[in-house]
Structures are given as C-alpha cells and as structure tokens.
Asker: 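Handing you this structure, nothing more for now.
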There are 2 protein chains.
Amino acid sequence: MDKQPSNTLSRILAYAEQECQARSLRLTPVRRRVLEMLVKHKHPVSAYQLLDELVEEGHKPAPPTVYRALDFLLEQGFIHRLATQNNYVACMHLGARHMGVFLVCKRCKKTVELLGENVRDTLTELADKNQFSLEEALVEVNCLCLPCRRQSEREQP
Amino acid sequence: MDKQPSNTLSRILAYAEQECQARSLRLTPVRRRVLEMLVKHKHPVSAYQLLDELVEEGHKPAPPTVYRALDFLLEQGFIHRLATQNNYVACMHLGARHMGVFLVCKRCKKTVELLGENVRDTLTELADKNQFSLEEALVEVNCLCLPCRRQSEREQP
DNA sequence: GTCTTAAACGTTATATCATAACATACGATA
DNA sequence: TATCGTATGTTATGATATAACGTTTAAGAC
Ligand SMILES: [Zn+2]
Ligand SMILES: [Zn+2]
Ligand SMILES: [Zn+2]
Ligand SMILES: [Zn+2]
C-alpha cells in the first residue's frame, strides 16, 4: 500500500490554489472539497461515492454539483478520469500537465499513475503517421499486481 | 473515409466462424448479427444503437441480449470497446489477439485502430518495473484528424 | 431416439453513471 | 450599489449497464 504523507494533501491543495490564482480561476469550496476527498482516497472513486460523502458531511448536493466540480478539476489537470472504471483519481504528479498512464490491478483495483513520457512520444509519432494530431490520451493497463498474481497462482496452480 | 471492400464483411465473419469452431464456441445468430452490424458501421457505435437496429429488423431484444453478445465478442477479441466513448467497434486486424490502440478525432469521431505492438512493449516494460503484469490495455488517443484540424484553423486563426 | 446438462436467450426490473434546463446566489469591478 | 458573468442549487430525465430468474436450445451420454 502506498503511504500518503500527511503533507501530501496540503501540498496538492496549495498547488491547486496557486495554479487557480495564476489562471484567474476560483478553487471554490465545493471544488476544493472534492479535490481533498480524491487526494485522501487511495483508490479511484466514483462520482456518486463522492456525492455520498458530501451528504454525510451535511451538504445536500445533487449529482450536477459533483460532476461540475469534477469537470473543473479535470480541465485544470488536477485529477484524472479512469474511463474503464468510471472512476476519478487525484493526480499525484504536480507541476506539469500530462497524459495519464494507469496500471490498474484487475483483481484488487490497486492503481498506480505513471508519467509515461515515452508512451506519449510513441503515441504522438503514431498519430502523426496517420495524419492525426495528438491532443491528449488515456492509457489504462489492466494488470495483476504482485500480491494478486501470487494469490492467483495459489488458487490455480 | 476508409473504403470497406464488400468482401471485408464475409472475410471477418468467416474468420470469426473458424475461430469459434477452433475454440469449441458457438457464433450464434445474435452474436453473428451483432458482429455483422459492427463491421458494417464505419464508426464505433453504442450498445443501444445496435439494439435499435435489431428492433427495426423485427427482433424484439432487450438490453441484456445485446450486452451478452458484445461481451462474447469482446472476450473472443472480435471487437473492441472504446471506454471514453461508451462505444463498440469491430476489430479489423484478423489473426492475432492484441490490445487496441485507437486514434479518435474529438471533433468528427473518425476512429482508426492501430496494432501498436511497440506501445504494448513499452507498457509491458513499465508495468514490470512497477511489479505489475500486463494483462491487456486500452489506449485511446484523443486527436484532431487532418480535415478537422484545418477546419479549426479556419474558424480560429 | 430419449435423457441429461450446460449454455444461450428472453424478460422484467433495477442499478449506475451523467447531463439538460432553469432558477438563485455570489463576487468582481465599474 | 448596479451590473454581469460565473458558480451553485434543484428537479427531472437521459444514457449505459447488469441482476435475477425462467425458458429454450444444442450437444453429448446412454
Ligand atoms: Zn497525473
Ligand atoms: Zn491486486
Ligand atoms: Zn483489433
Ligand atoms: Zn475529424
């Protein structure tokens, strides 16, 4: 399990604050709260799961509230969306806008985000060859993590 | 626009038939019909669009019928799913099981499937470094195709 | 041929994910 | 403080996908 130092949350929030200032955008309470929840979770989570947590806190938001916050955070590159899982996850790589490359264990759903600059280069080249220009990309790798692989071997030798 | 020779359909269906025989599986009428529809479409299409077409033909299937056929075709590698689009598309690369690499124009939705063996190698290596083993992967590249790029330039110079 | 059985399919209902549309509140700035 | 664009609240609905269960079908055993 990844450790998550207590200052990671504040580092990410501070970074988001700063970027929003620089872009003349507002990290409103809802947006900030959603980002905070995503950072605190270790796994990617669904929009409705975030919604439920907001409800438990006393807010009474409807789905559009959460989706609008997610859309904002996605646009600013603060979070990523895992399309095969219908889940959202905070970006842990501050500083540079990048495409997400995700390793997802299909058994326990443990997820690792890589920067994958070399993947991007390969894809840009492939796109160019086909007269497409890469805007952004989603790479989701369905995997087995080491513990799950061992578990599988034990079950089916 | 890609041309689609009239024999493409029969080639793909014959291949699917043959593979199913070899794997002791059945390419039932529904499965065959769904594969046929996917091949005939030039763009990826949604499950409900396929459902509507089946209804127009006189069948009266419910969603599970289509989804079960799609699941089968996905498992056999005859089609791919584009998770960011919630769409399904026939595989045009007969013969070898492979991961899908898709260039998708974000403006006109024109889609090209590449084999991308080098992408696979890169991803396998990245997974290994992180103690994940690659099972399969989805690569969707959000692009602008050449015509749409020119169109955009014309609109916003 | 009939029996057995697993796979496939039909059917109904429901779960899950996401957005349209419109009203209200807020916040910057003139 | 008046104005205007942005953000949020609220209600309803659209779009995608699956659970559960009963029936049919096809293939092999006898
Ligand atoms: Zn990231
Ligand atoms: Zn795992
Ligand atoms: Zn393919
Ligand atoms: Zn295009």
Side-chain angles (χ1 to χ4, degrees), chain A residues 16-17 19-38 41 43-55 57-76 78-89 109 138 140, chain B residues 16-17 19-35 37-38 43-55 57-76 78-89 109 138 140:
Chain A
E17 242 8 309
E19 286 298 305
C20 285
Q21 285 246 334
R23 300 171 197 169
S24 302
L25 298 170
R26 294 162 51 206
L27 190 65
T28 62
V30 188
R31 292 167 176 176
R32 186 189 170 87
R33 189 71 198 92
V34 169
L35 177 56
E36 200 173 295
M37 288 191 299
L38 285 173
H41 280 281
H43 295 291
V45 295
S46 76
Y48 275 77
Q49 194 174 334
L50 295 170
L51 186 58
D52 288 345
E53 292 179 24
L54 285 174
V55 169
E57 289 178 3
H59 302 68
K60 309 261 185 266
T65 300
V66 168
Y67 279 102
R68 284 190 288 230
L70 290 171
D71 287 345
F72 174 85
L73 298 170
L74 284 168
E75 276 161 20
Q76 302 313 313
F78 300 151
I79 66 172
H80 300 283
R81 175 168 189 257
L82 289 161
T84 62
Q85 318 286 318
N86 290 324
N87 274 348
Y88 303 82
V89 65
K109 300 299 175 190
L138 172 71
E140 289 183 48
Chain B
E17 257 343 326
E19 286 298 307
C20 284
Q21 284 246 333
R23 300 170 198 171
S24 301
L25 298 170
R26 295 163 51 206
L27 191 65
T28 63
V30 188
R31 291 167 176 177
R32 187 188 170 88
R33 188 71 197 92
V34 169
L35 177 56
M37 290 191 297
L38 284 173
H43 295 291
V45 295
S46 75
Y48 275 78
Q49 194 174 332
L50 296 169
L51 186 59
D52 289 344
E53 292 178 25
L54 285 173
V55 169
E57 288 178 2
H59 303 68
K60 309 260 185 267
T65 300
V66 169
Y67 280 103
R68 284 190 287 229
L70 290 171
D71 286 344
F72 174 84
L73 297 170
L74 284 167
E75 275 161 20
Q76 302 313 312
F78 300 150
I79 67 173
H80 298 283
R81 173 165 190 259
L82 288 161
T84 63
Q85 318 285 319
N86 288 325
N87 275 347
Y88 302 83
V89 66
K109 299 297 173 192
L138 172 70
E140 290 182 48

Asker: For a quick test of reading the model, state the closest non-hydrogen atom pair linking A:Val34 to A:Ala69 and the distance between them.
Answerer: CG2-CB, 3.9 Å
Asker: Using a cut-off of less than 4.0 Å, is there contact between a side-chain N or O of B:Thr65 and OP1 or OP2 of C:dG10?
Answerer: yes
Asker: With a 4.0 Å limit, can you tell me whether A:Arg81 has a side-chain N or O closer than that to the phosphate oxygens OP1/OP2 of C:dC17?
Answerer: no
Asker: Listing request: all side-chain hydrogen bond (donor to acceptor under 3.5 Å, both in side chains) pairs with a residue in residues 58-73 of chain A, at least two apart in sequence or in separate chains.
Answerer: none
Asker: Whole angstrom is fine here: how far is it from CG in A:Leu51 over to C1' in C:dA18?
Answerer: 12 Å
Asker: Any side-chain heavy atom of B:Leu27 within less than 4.5 Å of one from B:Phe72?
Answerer: yes
Asker: Under 4.5 Å between any side-chain heavy atoms of B:Gln21 and B:Glu17, yes or no?
Answerer: no
Asker: Round to a whole Å and report the spacing from OH of B:Tyr67 to C1' of C:dC17.
Answerer: 11 Å
Asker: Counting just side-chain N and O atoms, does A:Tyr88 come under 4.0 Å of either OP1 or OP2 of C:dC17?
Answerer: no
Asker: Return the nearest nucleotide to the side chain of B:Thr28; candidates are C:dT11, C:dA18, C:dA8.
Answerer: C:dA8
Asker: For D:dA15, take OP1 and OP2 only and decide whether either is under 4.0 Å from a side-chain N or O of B:Ser46.
Answerer: no
Asker: If you take all heavy atoms of B:Ala47 and B:Val66, which pair is closest and at what distance?
Answerer: O-CG1, 3.6 Å
Asker: Less than 4.0 angstrom between a side-chain N/O of A:Arg32 and OP1 or OP2 of D:dA7, yes or no?
Answerer: no
Asker: Measure across A:Val45 and A:Leu50 and return the closest heavy-atom pair with its distance rounded to 0.1 Å.
Answerer: CG2-CD2, 3.7 Å
Asker: In B/S/- notation, 5' to 3', how is nucleotides 20-30 of chain C contacted by protein heavy atoms closer than 4.0 Å?
Answerer: BB-----S---
Asker: Taking atom P of D:dT8 as reference, at what distance in whole Å does atom CZ of A:Arg33 sit?
Answerer: 15 Å
Asker: For C:dT16, take OP1 and OP2 only and decide whether either is under 4.0 Å from a side-chain N or O of A:Asn86.
Answerer: no
Asker: Between C:dA18 atom P and A:Leu82 atom CG, what is the distance in whole Å?
Answerer: 12 Å
Asker: Figure out the CD/C1' separation between B:Gln49 and D:dG14, and round it to whole Å.
Answerer: 16 Å
Asker: Without decimals, in angstroms, what is the distance between B:Gln85 CD and D:dA15 P?
Answerer: 16 Å
Asker: Rounded off to whole Å, could you give me the CG-to-C1' distance for the B:Leu74 and D:dA17 pair?
Answerer: 13 Å
Asker: Five pairs per end, C1' atoms only: what is the angle between the end axes of the helix from C:dG1-D:dC30 to C:dA30-D:dT1, to 10 degrees?
Answerer: 30°
Asker: Do you know the tightest heavy-atom contact between B:Ala83 and B:Glu140?
Answerer: N-OE2, 2.8 Å
Asker: Examine the side chains of B:Gln85 and B:His43 and answer whether a donor and an acceptor come within less than 3.5 Å of each other.
Answerer: no
Asker: Does the A:Arg33 side chain pair with the main chain of A:Leu54, one donor and one acceptor, at a distance under 3.5 Å?
Answerer: no
Asker: Could you give the CG-to-P distance, from B:Leu70 to C:dA8, as a whole number of Å?
Answerer: 15 Å
Asker: Please identify which of these residues, B:Leu70, B:Val89, B:Asn87, meets the side-chain contact (heavy atoms from CB on, under 4.5 Å) condition with B:Leu38.
Answerer: B:Leu70
Asker: Quick check on DNA chain C: between A:Asn87 and B:Leu25, whose nearest nucleotide comes earlier from the 5' end?
Answerer: B:Leu25
Asker: Tell me whether the side-chain N or O atoms of A:Tyr48 pair up with the base of C:dA15 as donor and acceptor below 3.5 Å, since no angle test is needed here.
Answerer: no
